[in-house]
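Naming convention: chains lettered A, B, ... in sequence-line order (proteins, then strands); numbering from 1 in each chain. Computed from heavy atoms alone, side chains included, the values below leave out hydrogens, waters and symmetry copies.
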Amino acid sequence: MTNEKKESLNFIEQIIEEDINNAKHGGRVHTRFPPEPNGYLHIGHAKAITLNFEIAQRYGGKTNLRFDDTNPTTEDTEYVENIQKDIEWLGFQWEGEPLYASDYFQQLYDFAVKLIQKGKAYVDDSSAEEIAAMKGDIGVPGKESPYRSRSVEENLELFAKMKEGAFPDGAKVLRAKIDMGHHNLLLRDPVMYRIKRDRHHRTGDEWCIYPMYDFAHGQSDSIEGITHSLCSLEFIHHRPLYDWFIQELEIFPSRQIEFARMNVSYMITSKRKLLKLVRDHHVTGWDDPRMPTLSGMRRRGFPPMAIRTFCNKAGITKRENLIDMGLLEFCVRDELNKTAPRIMAVLDPLKVVITNYPEGQTEQMTVVNNPEDESMGTREMPFSREVYIERGDFMEDPPKKYFRMGPGRNVRLKGAYILHCDDFVKDAETGEVKEVHCTYYPDSRSGEDTSGVKAKGTLHWVSAAHARTAEVRLYDRLFSDPTPDQHEGKDYLDFLNPDSLQVLDRVYVEPNVGELQPGEQFQFLRMGYYCVDPDSTADHLVFNRTVTLKDGWAKAQKKG
RNA sequence: AGACCCAUGGUGUAAUUGGCAACACAGCAGAUUUUGGUUCUGUCGUUCUAGGUUCGAGUCCUAGUGGGUCUACCA
């Protein structure tokens with residue numbers, strides 16, 4: 001093996017390697033990704049998914065997909081399906097079939113009975129309000145419930161009746177008997193089971209009692225033999241409870257390890273806030289290309305590998321973090337630069353007439369598809385007397401450092417000829433430049449240029465007679481503030497970027513792009529990366545802007 | 001108020017576990033370029049504070065400061 005630089009380990013990898021070295025669990029590594037099927041996956045989930053799957057892969061382990069479906073009121077199979085699709089899109093495959101916490105309802109019930117028999121759980125008749133009132137406060141001990149000292153027999157009987165449906169919703173709960181004075185509120189006799197008669201998306205009406213997160217998650221981990229249960233920092237206070245149940249139940253000791261969730265500037269990940277964006281039509285849906293959801297980023301054209309690279313670059317620690325969205329964009333560009341074929345498209349067309357080019361003549365110009373990857377080959381582009389260039393590539397009176405077209409200047413059309421700009425025509429009313437007149441140097445053809453003419457710059461272009469028309473949707477960040485939901489007294493909706501979507505309906509695209517499939521990605525030369533939207537049809541092409549190219553000229557201009 | 005977690009350039013993450021603080025992104029300057037892209041080179045800038053242990057502290061100890069989390073029959 002080569003002696004490469006020793007790769008540094010994050011703190012979770014360090015724990016795992018230590019466990020492997022100590023032959024803990026026979027050196028086995030088994031992780032899980034445990035979404036609740038009540039919403040769409042977003043960039044934050046991508047981090048958890050990437051971590052769980054890649055870390056298991058790295059140590060020859062496995063990763064389960066387990067739906068944490070213990071709350072029938074909010075959960076649905078629609079989410080189950082989309083979540084699976086998103087994980088597969090990222091390129092991961094879970095071990096075996098998808099698993100469900102609801103598969104373990106009977107086992108969980110039996111666990112609860114065991115705890116009752118040990119005198120470690122009791123049925124409480126108190127209302128939710130009473131339980132909250134008796135909970136105490138931060139720094140203030142709670143009070144024990146009057147039902148806390150029921151006999152094991154009575155508890156067993158009442159719990160069985162709860163299951164049979166003898167009591168109305170909310171009438172009783174099963175609680176763990178731990179310590180009402182504990183400084184960790186979660187250890188003040190946490191609720192294990194509640195009565196709820198909602199129809200469950202998988203078990204239907206089979207159950208009317210459902211376990212709470214704390215009495216389902218760790219137990220499910222244990223049942224599946226999960227060795228390292230990775231979760232975000234907000235569960236750190238749950239760990240003593242996680243461990244307490246495992247110890248009292250005497251079951252497989254999964255270990256919970258917490259890491260800081262990833263925050264990305266200009267993005268929000270609150271399910272509630274995302275839902276509101278959809279409900280109030282600030283976006284077109286969960287898969288709107290501006291959404292931080294995986295389905296949104298997919299539609300936007302972010303390659304899954306770029307998202308994974310981004311998650312890895314963000315790293316794993318226990319600190320609060322705010323990662324620059326620029327890093328995500330860098331990962332997207334870096335990936336697309338290698339993989340996306342170049343085509344030419346003129347977003348804001350300006351007609352150029354080549355006055356010395358024969359009318360009715362067409363030449364085929366050979367253009368490389370990707371200078372980064374020769375194997376992607378070349379294509380032919382028709383060239384004729386009238387072409388479109390980008391309006392921004394012409395200036396009546398350009399400054400010295402402007403490397404584009406202006407009166408008297410020579411500019412190359414990429415892959416074609418060098419043009420000399422002779423004249424331009426303005427609209428009498430608006431003053432807008434309508435047309436530019438040029439002459440071409442016949443011996444300057446790309447690849448066989450003997451003209452000796454120096455071009456000021458190189459422009460992309462499309463032959464007017466051959467161009468295809470397309471709609472292009474220019475997307476920008478959804479919010480104008482890096483942390484829209486972190487401002488006191490202001491709502492995140494106050495920071496919605498009014499220019500997050502701009503629709504161009506008369507874009508000219510070079511003709512030889514073939515049959516376009518939704519999701520297909522291109523670099524519009526000099527303009528950015530674009531992908532075919534699912535709305536696109538053979539008659540009406542629709543492209544989404546994934547991300548712009550890095551633009552040194554724009555930056556220089558901004559500086560003035 | 002109590003408990004718990006955290007603190008390294010603008011941002012994020014490292015530092016062979018006590019031995020010359022580095023990598024990436026962003027920024028700046030330049031070279032190359034038939035994409036003002038890519039690539040390449042250079043450059044800017046970092047250990048929260050105060051004590052202590054030590055030959056030696058980003059790393060260990062104490063205190064402080066700052067930030068975060070926790071009182072759902074949600075997950």
Participant: With a 4.0 Å limit, can you tell me whether A:Arg194 has a side-chain N or O closer than that to the phosphate oxygens OP1/OP2 of B:C74?
Facilitator: yes
Participant: Within the supplied structure, the quantity of interest is the number of heavy atoms (other residues, nucleotides, ligands) at a distance under 6.0 Å from A:Glu374 CD; does it exceed 12?
Facilitator: no
Participant: Does a nitrogen or oxygen in the side chain of A:Lys135 sit under 4.0 Å from OP1 or OP2 of B:A72?
Facilitator: no
Participant: Looking at the base of B:A1, is there any donor atom on it, or on the side chain of A:His183, that sits under 3.5 Å from an acceptor on the other one?
Facilitator: no
Participant: Output the rounded distance in Å from CG (A:Asn71) to C1' (B:C73).
Facilitator: 10 Å
Participant: Any N or O donor-acceptor pair linking the side chain of A:Gln14 to the base of B:U17 at under 3.5 Å?
Facilitator: yes
Participant: Which nucleotide in the list B:A15, B:G37, B:G68 gets nearest to the side chain of A:Glu320?
Facilitator: B:G68
Participant: How close or far is atom C1' of B:A15 from atom CG of A:Asn10, stated in whole angstroms?
Facilitator: 15 Å
Participant: Ignoring hydrogens and angles, tell me if any N or O in the side chain of A:Arg188 forms a donor-acceptor pair with the backbone of A:His182 under 3.5 Å.
Facilitator: yes
Participant: Check whether more than 12 heavy atoms from other residues, nucleotides or ligands sit under 6.0 Å from atom CZ of A:Arg391, and answer yes or no.
Facilitator: yes
Participant: Ignoring backbone atoms, test whether A:Thr317 places a side-chain nitrogen or oxygen under 4.0 Å from the OP1 or OP2 oxygen of B:U13.
Facilitator: yes
Participant: Quickly work out the A:Leu327 CG to B:G12 P distance and round it to whole Å.
Facilitator: 11 Å
Participant: Look only at the side chain of A:Asp69 and the backbone of A:Ser102, and say whether a donor-acceptor pair between them is shorter than 3.5 Å.
Facilitator: yes
Participant: Taking only side-chain nitrogens and oxygens of A:Arg319, does any of them come within less than 4.0 Å of OP1 or OP2 of B:U13?
Facilitator: yes
Participant: Donor-acceptor pair under 3.5 Å: do we get one between A:Arg342's side chain and the base of B:U35?
Facilitator: yes
Participant: Starting at CG of A:Asp551 and ending at P of B:G27, how long is that distance when rounded to a whole Å?
Facilitator: 12 Å
Participant: Check step by step if side chain to side chain donor-acceptor pair (under 3.5 Å) holds for A:Ser232 and A:Glu258.
Facilitator: CA-CA 5 Å; A:Ser232 52; A:Glu258 311 85 14; over 6 Å; no
Participant: Determine which nucleotide pairs with B:A22, using a 3.5 Å limit on both distances of a Watson-Crick or G-U wobble pair.
Facilitator: B:U13
Participant: Considering every strand shown, what is the Watson-Crick or G-U wobble mate of B:G2 when both distances are under 3.5 Å?
Facilitator: B:C70
Participant: Syn or anti for B:U17? Use the chi torsion, O4'-C1'-N9-C4 for purines and O4'-C1'-N1-C2 for pyrimidines, with syn inside 90° of 0.
Facilitator: syn
Participant: Would you say A:Lys550 places a side-chain N or O within less than 4.0 Å of OP1 or OP2 belonging to B:U38?
Facilitator: yes
Participant: Using atom CD of A:Glu130 as one end and atom P of B:A72 as the other, report the distance to the nearest whole Å.
Facilitator: 15 Å
Participant: Below 4.0 angstrom from OP1 or OP2 of B:A75, is there any side-chain N or O of A:Thr70?
Facilitator: yes
